[in-house]
Amino acid sequence: MLLRSIAAPLTVIRGIGPALIPKLARLGIQNAAGLLCHYPRDWEDRTLTVPISEFQNRQVCTAVTVTARGWIGFGRTRTLKVYVEDESGSAALLCFNRPWLDKQLVEGRRFRLWGRFYYRYGEIQSSSFEVEPLTATESANSGSILPVYPLSAGLNHITLRRLVNSALDQYAAKLEDELPREIIERDNLLPKAAAIRAIHFPASAAELEMAKKTLIYEELFYLEIMVGKRAYERRGIGNGEQGTGSVVSKHSEVTNTQSQQTKTPVPSPQSLVPFPLQQRLLERLPFSLTPGQIKAIAEINADMAGNVSPNGAYSMARLLQGDVGSGKTLVSFLAALRAAQDGGQTALMAPTELLARQHAENAARLLEPLGLRIAYLTGNIKAAGRKDLLRHLASGEIDIAVGTHALFSKDVSYKNLRLVVVDEQHRFGVTQRSLIMAKGNNPHLLMMSATPIPRTLAFTVFGDMDVSVIRDLPPGRKPVKTHLAKESSEARVYDFVRRKLEAGSQAYFVYPLIEGGDEANQKDASLKDAVSMAERLAQEVFPRFTVALIHSKLDDEEKRQTMERFRAGEIVVLVATSVVEVGVDVPNASCMVIEHAERFGLSALHQLRGRVGRGQDQAYCFLVYSNDLTEDGKARLKVMLENADGFIIAEEDLKLRGPGQIAGIEQSGYLNLGIANPIRDIDELARARTDAFFILNNDPGLVLDDHRIIARVLKEAPLFDEVVL
Ligand code: ADP
Ligand code: MG
C-alpha cells in the first residue's frame with residue numbers, strides 16, 4: 001500500500017480515542033497517513049553520553065549518580081535540589097514543581113539524564129531535564145534516539161510518540177516503495193517501510209541519516225516529476241508520446257551516451273571534452289578548473305550542443321549556482337567560447353556598471369588573445385562611441401558584449417545572439433528575462449547566482465530551468481576570520497586594520513547609507529554613512545593611507561578609476577556602500593569592515609565578506625553593530641560567525657527574516673514539502689531533477705516496469721497538488 005493512500009481514520013489506531021482527534025487535527029493530522037507523515041522536527045540523541053563538565057549550554061545526555069539532596073525555599077516554593085556526579089564533575093538539579101522526583105532521585109541511584117545544563121552560582125545546574133533510571137551495570141550509552149515533534153496544546157511528546165509507534169506497528173510493514181527500484185539501488189536508499197520507521201525511531205544516527213536521505217530525495221523526486229510533466233505540457237508535447245520528449249533536459253542524454261536507456265545519469269567530472277577555443281583558454285590559465293567548474297561546463301556544453309532552430313526548439317535554460325568566489329565567471333567565459341566556436345555572439349549582463357566593467361576587463365584579458373572581440377556597453381556610453389558599437393554588434397564584428405541591462409535596450413540588435421549570461425541574476429526582475437530573450441533567436445540562457453533567494457528557488461522549483469551547482473571553492477582559500485564588534489569598540493577594529501595596512505594589505509569599509517540625509521525619514525543622526533566616514537577615516541583614522549569613496553551615485557568613469565586605483569594598490573582603503581557587494585575581485589584586500597552590520601541582510605553580508613579572502617593572506621571580516629542592538633539582532637549576526645557556506649546563510653536569512661519580508665513571491669506554504677528543504681537540499685534537488693527529467697524523457701508515458709510506480713503515486717497518492725506548480 002502507498003503511504004498517502006492509507007485513508008483509515010485515526011480511531012483505527014490503538015490508543016486514539018475521540019478526545020485526541022481534535023488535538024491531532026490541530027497539527028493537521030487527519031488520518032493514519034497523516035500521523036505517519038508527521039515527521040519529527042528534531043531528534044534527541046540519547047545513545048551517547050557526554051561528561052557533565054562538557055555541558056556547553058545545549059541539550060546533552062549524561063549518566064550520573066545521586067550524591068546528596070536538600071531542600072531550598074519555604075512553603076509552596078520549597079524545591080528539591082539534588083546533587084549528581086560522574087567522573088568529570090558534579091551538577092545540581094533543581095526540581096521545580098516536580099514533587100514526584102523526590103521518590104525517584106534517591107542517593108546512590110544511577111540515572112541517565114537528558115537536559116540543558118548551565119553554569120550559575122559557581123556550579124553546573126539544570127532545571128529542565130528528564131531522568132531515566134539505569135541499573136548499576138547497565139551501559140550509559142544504551143539510550144535511544146527519540147523524535148521531537150511539532151506539538152499542539154494538550155498533546156505531549158510521550159503521547160505523540162506512543163501514537164506514532166502504534167501507527168507504525170499497524171502499517172509500516174505494509175508500505176510499498178514509491179521510488180523506481182533502480183534509483184533506490186543506485187543511491188542505497190532505504191525501503192519505504194524502513195525509512196518511515198527510522199525517521200520516527202531510528203536505531204542509530206547512521207540509520208536516521210539514511211531515512212532522511214531517502215525521504216528527502218523521494219519528495220524532491222516527485223516535485224521534479226511534476227515540474228517535468230509541466231515542462232512537457234508547456235512545450236506542447238503530450239504525455240504518452242514516446243520518443244519525442246527530447247526537449248527536456250538535453251544534457252541527460254548527451255553526458256550519458258554510454259549508459260543504458262533506463263539508467264539514471266550522473267554526469268562525471270571526467271566527461272568534459274573541451275572545444276578547441278575552450279581548450280586554448282584552459283591552457284592559458286595558471287590554475288586548473290575545480291571539479292564543480294568542470295561539471296558545470298560539461299553540462300553547459302551538452303546543453304549547447306542542441307541546435308537553435310527558428311521554431312524555438314531546445315535551447316539551454318540553466319541556472320548556475322555557486323558560492324561567492326567559486327569561479328562562476330570563468331564558467332561563463334567558457335560558455336561564451338562554446339558559442340563563439342559556432343560563430344555565435346554572447347551577451348554578458350551584470351547588475352552594476354562596476355561589475356560589468358570588471359567582467360569586460362577580465363574578458364579582454366582572457367579572451368582577446370584567443371581572437372575574440374569584446375565590447376563594453378552601459379547606459380553611460382554615449383553618442384559616437386555608442387553608435388559604432390551598436391553597428392559592430394549588428395554586423396557581428398563583436399563576439400562578446402559585456403554590460404548592464406543597456407545590452408538589451410531598444411536600439412541594440414545582434415547579428416547572431418547565441419548565448420545570454422545573466423550574472424547575479426537575483427538583482428534582475430523576472431520580466432527582464434523575456435526582454436532579453438527577444439534579442440536573439442531563442443538564445444541559450446545561463447543565469448548565475450551566489451544567493452539562492454526565493455526567486456532563484458522559484459526558477460529551480462517552478463521553472464523549466466536546469467540547475468548546475470558548484471559546491472567547491474578553488475583550492476588554497478583560507479576561510480575569512482569573522483568577528484563581531486560593538487560600535488563603542490570601533491577603535492580596536494580600526495587599530496587592527498591599521499596594522500594590516502602597514503603590512504601592505506588593503507581594506508574595505510562598508511556603510512548602509514551613502515549620505516546622512518539620504519534616507520527618507522531619517523531619525524537616527526548617529527548612523528554612520530559612507531560620505532562622512534570616508535572623511536573621518538581619511539583624516540583621523542588612517543591619515544597615512546589613501547582613502548577613497550565609491551557608491552552608486554558616482555558616475556561610471558569615476559567608479560572605474562577608483563576601482564582601478566584600488567586594484568592597483570594606489571588606494572588602500574575603499575569606503576563603499578553595498579555597491580561592492582557583488583562580484584568585485586581584488587585579491588590584496590584582506591580586511592572587510594561592515595559598520596551597522598545589523599542593517600544588512602545575511603546574504604548581503606556573506607557577499608560582502610566574499611570580497612576578501614581571495615589572496616594569499618589570512619583575511620578578516622569585522623561586523624560592527626550599533627550599541628543598542630537587541631539580543632535577537634546579535635543572534636542573527638552570529639550566524640555569520642558560525643557559517644561560511646552561503647547556502648546555509650541564505651537559508652538562515654530566510655528563516656530569520658521570515659517569508660513575509662521577502663518581496664515578490666508568496667513563500668508560505670506554497671510547496672507542501674514535509675521534510676525536504678529546496679534551499680538546504682539544493683544538491684539533492686538538482687539530482688532529483690536530472691533523474692526525473694531523464695525518466696520523463698525516455699518514458700513519457702511512465703509505462704516501463706520500473707516507472708509504473710511513479711504513475712501510480714501520481715494517481716493514487718500525490719504529494720503535490722498540480723495547481724501549485
Ligand atoms: P564568483 O563565482 O563569485 O563570481 P569569480 O568568478 O569572481 O567568483 O572568481 C573568483 C576568483 O577565483 C577570480 O579571481 C578567479 O580568477 C579565480 N578562480 C576561478 N576559478 C579558479 C580555479 N579553478 N582555481 C583558482 N582560482 C580560480
Ligand atoms: Mg561573480
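Every heavy atom of this structure was used, including side-chain atoms; hydrogens, water molecules and symmetry mates were not. Counting starts at 1 for both ligands and their atoms, following the listed order.
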With nothing but distance in play, are any N or O atoms of P474 less than 3.5 Å from an N or O of ligand 1? no
Rounding to 0.5 Å, atoms OH (Y494) and CZ (F542) come to a distance of 7.5 Å
Is a donor from one side chain sitting under 3.5 angstrom from an acceptor on the other, for T346 and R418?
no
Under 4.0 Å between heavy atoms, the region of T329 that gets near ligand 1 turns out to be both
With no hydrogens and no angle check, just 3.5 Å: does a side-chain donor-acceptor pair link E595 and Y511? yes
Going by heavy atoms in the side chains, are L390 and V412 under 4.5 Å from each other? yes
A student checking ligand 1 against S288 at a 4.0 Å heavy-atom cut-off should list atoms 22 (C), 23 (N), 24 (N)
Value for CD (Q278) from CZ (F333), rounded to nearest 0.5 Å, stands at 13.5 Å
Determine, stepwise, if the pair R471 / D323 fulfils salt bridge (Lys or Arg N to Asp or Glu O under 4.0 Å). CA-CA 7 Å; R471 255 284 145 91; D323 213 341; over 6 Å; no
ask   = Quick one: do the Y217 and D691 side chains pair a donor with an acceptor below 3.5 Å?
value = yes
Min over Q293, K328, Q607 of heavy-atom distance to atom 1 (P) of ligand 1 lands on K328
With heavy atoms and a 4.0 Å threshold, my read on which part of P587 contacts ligand 1 is neither
Numbered in order shown, the ligand 1 atoms found under 4.0 Å of a heavy atom of V324 are 3 (O)
| query | Is there any N or O on G325 that sits under 3.5 Å from an N or O of ligand 1? | reply | yes
A student checking ligand 1 against D323 at a 4.0 Å heavy-atom cut-off should list atoms 2 (O)
Measure the distances from the heavy atoms of D423 to every atom of ligand 1 and state whether one is below 4.0 angstrom.
no
So for M448 against ligand 1, with non-hydrogen atoms under 4.0 Å, the contacting part is neither
- Without hydrogens or angle criteria, can the side chains of D472 and Q293 be said to hold a donor-acceptor pair below 3.5 Å? no
Ligand 1 atoms nearer than 4.0 angstrom to some heavy atom of L289 are 23 (N)
Quick note on ligand 1: atoms under 4.0 Å from a heavy atom of T290 include exactly 23 (N)
